[in-house]
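Here is the naming used below: chain letters follow the sequence lines, and residue numbers restart at 1 for every chain.
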There are 2 protein chains.
Amino acid sequence: MATATQDTELVGSLVQLMHVLQDLYAETSRPLGLTPQQAHLLCVLLDGPLGMTDLSRILSIERSSLTSMVDRLERRDLVARIPNPTDRRAFQITLTDAGLALAHEAHNAYTTQIEKRLTDLPASHRKTLITAIATITGHAQ
Amino acid sequence: MATATQDTELVGSLVQLMHVLQDLYAETSRPLGLTPQQAHLLCVLLDGPLGMTDLSRILSIERSSLTSMVDRLERRDLVARIPNPTDRRAFQITLTDAGLALAHEAHNAYTTQIEKRLTDLPASHRKTLITAIATITGHAQ
DNA sequence: TATTGTTATACTCTATAACTATA
DNA sequence: TATAGTTATAGAGTATAACAATA
């Protein structure tokens with residue numbers, strides 16, 4: 001059946017796209033002295049400080065794994081643990097000035113690299129892509 | 001400018017899609033007793049045996065990193081190092097029967113999970129997606 | 001000389017289980 | 001009791017540098 005074949009092809013395309021983007025993400029992070037995971041963490045914090053539990057949920061890692069990641073970034077003065085005034089158990093993980101600058105730098109670098117790969121894409125396809133991806137990721141457009 | 005805004009939105013969509021697919025890949029590998037990297041390796045070998053150098057290039061990792069990955073998979077009898085008859089330095093990394101079965105299982109699991117997310121996607125969007133992704137990943141359609 | 005693959009080493013990522021402090 | 005975060009531990013992924021064997 002034609003539809004089934006197209007589905008299989010699309011799934012393969014998506015997996016391949018994931019790997020291509022992963023490689024690009026890693027290659028772009030490296031010269032900035034960041035692992036892809038560290039870059040992801042910093043970029044998430046661009047939207048504002050978060051507690052450990054929220055951050056671990058967004059990054060899809062255990063809180064204990066996050067503890068050591070934050071330790072390493074804090075040692076490099078890229079993030080800081082700010083005590084939460086309303087809950088003495090909790091912290092707000094915040095970007096330092098250096099962390100903010102590096103997060104912007106990483107974000108710009110990815111954007112530049114990905115945009116390079118979009119140059120051959122017609123405007124109509126871009127619109128469809130945005131809508132289709134929103135459907136796949138399960139978010140409102 | 002409208003185009004610039006759409007570009008930014010598309011880049012963000014692609015990065016988010018990457019993370020969603022990564023998480024899905026990890027969650028699907030786990031119950032099979034595989035890390036996402038191990039699953040990737042096994043699935044690459046579905047297309048046939050490969051030497052260490054080729055495999056490291058396809059997986060975008062150093063040969064020395066691959067050595068330890070193959071060690072672990074070989075210990076579990078999922079892959080085997082077959083001596084290359086024409087080059088006594090080289091091996092062909094091959095799926096064992098168990099590895100082949102597990103690679104198929106992993107592949108089917110991803111396909112099922114991803115297809116679940118494609119149900120709401122109109123057929124016309126699927127066709128466009130396949131073409132657009134091919135452009136991004138830089139492959140012929 | 002160049003290439004194939006490994007070893008040694010160091011660091012990061014990650015999970016599980018048990019824990020402390022606070023709510 | 002439940003939640004926020006940490007510690008201890010173990011295993012996996014990764015890179016760099018140096019190496020042995022073969023081409």
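- Protein atom CG of B/D71 is 13 Å distant from nucleotide atom C1' of D/dG13, rounded to whole Å.
- Within the structure, every side-chain polar atom (N or O) of A/S64 is placed at least 4.0 Å from both OP1 and OP2 of D/dT6.
- Rounded to whole Å, the distance from CZ on A/R89 to P on D/dT1 is 17 Å.
- Distance from the side chain of A/T35 is smallest to C/dT12 among C/dT12, C/dG5, D/dT22.
- Of the candidate nucleotides C/dG5, D/dT16, C/dT16, C/dG5 has the atom lying nearest to any side-chain atom of B/A90.
- Atom CG in B/N84 sits about 9 Å away from atom P in D/dA23, given to the nearest Å.
- Per the geometry, CG belonging to B/L73 stands 12 Å off C1' belonging to D/dG13, to the nearest Å.
- Out of D/dA15, D/dG5, C/dT6, the shortest distance to the side chain of A/M52 is found at D/dG5.
- A/R63 comes within contact range of at least one nucleobase, with a heavy-atom separation under 4.0 Å.
- Distance, A/D87 CG to D/dA4 P: 8 Å, rounded to whole Å.
- In this structure, A/Y25 has its ring center under 6.0 Å from that of B/H19.
- Atom C1' of nucleotide C/dT16 and atom CG of A/L66 are separated by 16 Å, given to the nearest angstrom.
- With rounding to whole Å, A/M69 atom CE is found 17 Å from C/dC11 atom P.
- Between B/T67 and C/dT6, a side-chain N or O to OP1/OP2 separation shorter than 4.0 Å is present.
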